[in-house]
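Working notes, structure below.
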Amino acid sequence: MPERGAASSSVRPASRADFVLRALAWGGMAVLGAGVCWIVGDVVLRGVRGVSLSFLLDAPARSGRDGGIAPVIVSTAIVIGTCMIVVIPSGVLAAVGLSECLRRGGRTAAVIRLGLDIVAGTPSIAFGLFGHAFFCAFLGLRVSLLSGGLTLACMVLPLFIRLCESALLGVPAGTRRAVDALALTRRTALRRVVLPIAFPGIVSAAVFSLARALAETAALLFTTGYMLRMPGSLLDPGRVLSVHIYDLAMNVPGGDPNAYATALVLLAAVLVIGLVPLRVRRVRADRLVIT
Amino acid sequence: MPERGAASSSVRPASRADFVLRALAWGGMAVLGAGVCWIVGDVVLRGVRGVSLSFLLDAPARSGRDGGIAPVIVSTAIVIGTCMIVVIPSGVLAAVGLSECLRRGGRTAAVIRLGLDIVAGTPSIAFGLFGHAFFCAFLGLRVSLLSGGLTLACMVLPLFIRLCESALLGVPAGTRRAVDALALTRRTALRRVVLPIAFPGIVSAAVFSLARALAETAALLFTTGYMLRMPGSLLDPGRVLSVHIYDLAMNVPGGDPNAYATALVLLAAVLVIGLVPLRVRRVRADRLVIT
Amino acid sequence: GRDVPAAGAISGTITVTGSSTIAPLMVGLGARFEQFHPGVRVNVETGGSARGIIDVRSGLAHIGMVSRALRPEERDLTAHLLARDGVAVIVHAETRVGQIDREDLAGIFTGRITNWRDVGGPDRAITVVTKAEGRSTLEVFNGYLGIAAQDVKASVVIGDNQQGIKSVASMPAAIGYVSIGSAESAVAEGVAIRLLPLNGVPASSARVADGSFPLSRELNLVTGPAADLRVQAFISYCRSADARPLIEDAAFVPVDDR
Amino acid sequence: MTSADPDCDTILPWPPMEHTPPCCVAAPHIEVTGLSVSYAGAEALRGVTLTIPRGCVTGIVGPSGCGKSTLLAVLNRMTDAIPACRVQGSVRIDRAEILAPDVDLRSLRRRVGLVFQRPNPLPISIADNILVPLRDHGLGDRRARDARLESVLRDVGLWEEVAHRLRRPATALSGGQQQRLCIARCLALQPEIVLMDEPCSALDPMAAEVIEDLIGGLRHRYTVVLVTHNLAQARRVTDHCAVFWHRPGAPSLIEMGPTRQVFEQPADDLTRLYVGGIRG
Amino acid sequence: MTSADPDCDTILPWPPMEHTPPCCVAAPHIEVTGLSVSYAGAEALRGVTLTIPRGCVTGIVGPSGCGKSTLLAVLNRMTDAIPACRVQGSVRIDRAEILAPDVDLRSLRRRVGLVFQRPNPLPISIADNILVPLRDHGLGDRRARDARLESVLRDVGLWEEVAHRLRRPATALSGGQQQRLCIARCLALQPEIVLMDEPCSALDPMAAEVIEDLIGGLRHRYTVVLVTHNLAQARRVTDHCAVFWHRPGAPSLIEMGPTRQVFEQPADDLTRLYVGGIRG
Ligand SMILES: Nc1ncnc2c1ncn2[C@@H]1O[C@H](COP(=O)(O)OP(=O)(O)OP(=O)(O)O)[C@@H](O)[C@H]1O
Ligand SMILES: Nc1ncnc2c1ncn2[C@@H]1O[C@H](COP(=O)(O)OP(=O)(O)OP(=O)(O)O)[C@@H](O)[C@H]1O
Ligand SMILES: [Mg+2]
Ligand SMILES: [Mg+2]
């Protein structure tokens, strides 16, 4: 007796054009997948010999050619942590505001989006110079982990807002009407209805933005600096993983092996963080309903 | 007689907590807005004297300290064009595939997302090295505009796919059911239903990705190179705007005035492109309905 | 050094900024110096030679790192020669050319010579890799050949040493020039490049040190007029015998003026 | 219940009559004057003037697309959410204009509850669909809210069906179950005025009867406006009845009066045809 | 219309009777055997066995939540789209099993059209809602499709209302207009079997009568399965009727037979109570 379930055959019927589309889509994915494998494979193959417990726990020596990357890991964690602490709440709120504006078809939203595009289109180096001028010099935070975290937050915020905003679009129109008609406060609407629906999207937006932040180099070179010392406070300078990789690869003759080892650590970090959204249950509204 | 319309007072009622939320959201936006204004203002003030018609149409002289940026503009247009030609179709298709997978709650989608996160978390420099090794050397495309465009496409694709994917989530469940029950081919479903609904989202995803691509520096340093000559073909090397800004700011003594002028050109380009989505009419499904 | 203060006698922060070529070395030197003077913090930042000069002038940094000789218009600053960095001509490992002299090199870079055959190599078109304008290596190189930047006919323009090495290694007919230290460690790592002897002198750090290799640039620490005791102490330390192994380890050639 | 207010100068569009059910005092609760609504320029209602009496069940009937849902949407300002929608005229509840820009929408919508034509449960659990709005409006403590939850679910005849799965998502309910949940959610807030847009359309006769009985029980305590397509139902449960029609040009009100009068001695020819089933 | 097939060994659950309307030949078109459906473990239908005769209108009635929509969803495999849904048993259309994994869903759904309980027009223009599926299935040339557009809109009584705004978005229609558009869209594809889930629930009596007449006209040409809550309607338009009920444990079929028999001589006590309006 046949039994039908989640793993059943495709829901959509097929045609010749469908086949072509399907082939194209898979082809695109395959090329991208191959690229990922190439990069990842390269990093793993060439970096794996360099990674060990002592590599993670020791201070670097000889400009990073020897020793470990403990201070680099600590600095990275602090910078990224600062960045995400700023980005997540303000980004979610901004996205909510933006999607409210958008619903009312306002021009404001359009202007804000343009602003986000401009920020996205600003080269890292410009952010580095901006961060240096604004946070380090103007606000007097010096070249420090804090300056770097804040600069990074400015860079990542537009991306996060855009991804969140799309996550919020997943709230069905009927649900919005129900919320309106029940005259729920915005707080309840967000906490009990909108955010739970958008939650998986927000988590994956955060992960994606975090990955992006981990990759940033030029902006941090100017704002968190270059120091390999273990940071003692938020106002100390430090060196993040991506800067370390860049420096080892570009400026330190003989730095390649440890550059690859560090890149492997960065990759592992992204991987671990990337696993988070898989643990998040989807609560897509009215997804289960056939009526 | 009162008249109610689009510009009416807020739809949602207010409470104390709402007020705090609202303040936070606007505060966040204000900080970001201030940052944008700072960067933009700085660039405009310091760059505006350098920009003229001849600046746009002349070849550079004295390492870019004098003359114009005509070859840089041409190279940039070619690299970004190549990138977007690759990214937009394959990204849209991949996003469609991904959202189909997601609907069926598959593990595949989760793995692909992880891959996208990894690509997002790869520092530009690693992309530069990958692009150099893969496109320039392995595929024999040399250091060229084509190599740069393709490398950039790999970098930008994950971002574009994620943004598109969220745009596709805006298709209401009822509409999906209608499409299923009518047994439309995937092609018709995409062309006539899904893409029209997602179109504004896709356009703004493309604009955002394009802005991001325009900002990229490190990856292009290795793949399109530094050459200031006017490119004659896709296989010639060239220098893009962001690299030119980087080089003038970092390596050319006395290059600052023209760095700012070039940054202003980049900004203007982002602005013009950023205006595109404003021209796109929103076709949000069932947005207008009160039933 | 003679007037070096006793260990621990000074304290405060020393900010060093400038050339990314020198920066990794300064991080190491700073860390050593901090061991002798626990009250001192040496903070190294980078951003290019130009930034080094600007930040010293504006007082944002105590010491600037400049990977070239000071220009006449920069005479308001004091340069302290830290080390020399040789510039080696490199070719792909498979290019069978014994050596090259100044004339031929100038011919190749100005486009007069376009085939390896003309300089005793295989019959193959030459791919010229040069540095972007504004780089100090380019200035040193062009100065040695006596050619102007606009005369250079290059097919690839690169920025950093590593990029130059990768470009040459990926193009079998390429010729370029990079820092000797970087080239030597690349060869040690098995990258497919070869250092060409210039005018019969083998390209090696040792030959730069003994002064027989003709192509090299200065790596300078510059200070403003108001350099205080702490800064002078650090600069003397960098130029002392103590610092020598670190400089050599960074693939530069220490200068013998002590 | 307030008795007729001598200050109120609104002219009722029908004379107070003996056979008005005793439950229903013809004191106006909602007064709609010259109401016109258009969507992106297309008129959906033109010049509607009617009075909805306090404590009665007022039915609204008429063919599909004649602006019934639109009228309800105006009464609690849901039209604000539609950018292209323009509302002109005056709507007064207890003599306070509700179309003024400075009206507090939260308290307005708390007073005027709306049950939509399409069920739209919140995508949270069945219990939370009722408890969350209660808590949001600060009604009662935890125990009082739980008690209210059970009582409204019993009122709409859903308790037996969902008592064992109160924590399951409301979106997984069947169409009729969702509809009843939405009615319960609206009543839990105890609004003054309950607007119901075809509350029984997704219900089987059994469930519909429960809802009809419920509406009957709301009389006196609430002012109910009921849009329905079921003329028999309108006749059974409403005290007054308004008939809308596509007039040439735009939909508008053609007749309003006590239900018995509308059904038995209609003043308008179209009404006669409609209620007689000749047209409709 | 095919006459009864001698090869067909399915036993009809009711005896062929004289007073079966002549239109309706009791040749089985859909045979459901031992069908059970569960959502995430919760049973929504248990052990349903019934036969739907060709060319007849078969009604499905029963209280809210008893699995009527679920049965329709199984008949054209819409259940595939619900990850947590498990379907067990056998459904055969013209004696071909449709629950097999290798069934071509496109041709199945083309043959078995479904009108949903909630109207779900595509968010494109009114005309495109009908023209796009027609073109997608390669039906007719441009002129034929335009003709079909007009004829189906006339069939559902929507032509007059929308003829002047065929290019406007379908989502801006009123609830009842959307419902009729969805019916028209389904019929335009001329499926063999038409499944309708409460097609008249959002309609006023006038529009409902149009649809009822339409369903009457489909008899002979189509096999129609009609879920309805309106018992009078079921009596008026259906030839056969199936009654579902919440049995202890899970919803299931309690009685099926010619409509007159089900309403006049119900075999099951629950049916008697239900159709008599005592329960329901
Ligand atoms: N996607 C789903 N997930 C979980 N349970 C569901 C789902 N869809 C329906 N159910 C449950 O299955 C049972 C049958 O639902 P179905 O929609 O078939 O009822 P129905 O007979 O159509 O009711 P109505 O007349 O109210 O539309 C109900 O108890 C319902 O709550
Ligand atoms: N958001 C909208 N945009 C444009 N037109 C609309 C919109 N909503 C409704 N309309 C139009 O306004 C008219 C009245 O619609 P309304 O929904 O009020 O009708 P109704 O009386 O509730 O009909 P039904 O009984 O079918 O639900 C209809 O012609 C409809 O097409
Ligand atoms: Mg309506
Ligand atoms: Mg149903």
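Here is the naming used below: chain letters follow the sequence lines, and residue numbers restart at 1 for every chain. Any value given below was found using the heavy atoms of this structure, including those in side chains, with hydrogens, waters and symmetry copies removed.
The distance from atom NZ of E:K68 to atom CG of D:D204, rounded to the nearest 0.5 Å, is 6.0 Å. Interatomic distance, CG of E:L203 versus OG of D:S201, reported as 9.5 Å (0.5 Å rounding). With values rounded to the nearest 0.5 angstrom, E:N230 atom CG is found 13.0 Å from D:H229 atom NE2.
Screening E:S64, E:P251, E:P63 for a side chain to side chain contact (heavy atoms under 4.5 Å, CB included) with D:S174, the sole residue that qualifies is E:S64.
Heavy-atom distances place both the backbone and the side chain of E:Q177 under 4.5 Å from chain D. When heavy atoms are compared at a cutoff of 4.5 Å, D:A42 approaches chain E solely by way of its side chain, counted from C-beta outward.
Here the side chain of D:R118 pairs a donor or acceptor atom with the backbone of E:P119 at under 3.5 angstrom.
Across D:A208, D:G176, D:A202, D:G62, the residue that shares the most heavy-atom pairs under 4.5 angstrom with chain E is D:A202.
Judged as a salt bridge (charged side-chain N to carboxylate O under 4.0 Å, His left out), the pairs with a partner in residues 168-186 of chain D (not counting sequence neighbours) are, in order, D:E161-D:R180.
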Using atom types as modelled, flag every donor-acceptor pair under 3.5 Å from a side chain in residues 210-217 of chain E to any protein atom, sequence neighbours excluded.
from: E:E212; atom 1: OE1; to: E:R236; atom 2: NE; distance (Å): 2.7
from: E:E212; atom 1: OE1; to: E:R236; atom 2: NH2; distance (Å): 3.3
from: E:E212; atom 1: OE2; to: E:Q233; atom 2: NE2; distance (Å): 3.0
from: E:E212; atom 1: OE2; to: E:R236; atom 2: NH2; distance (Å): 2.6

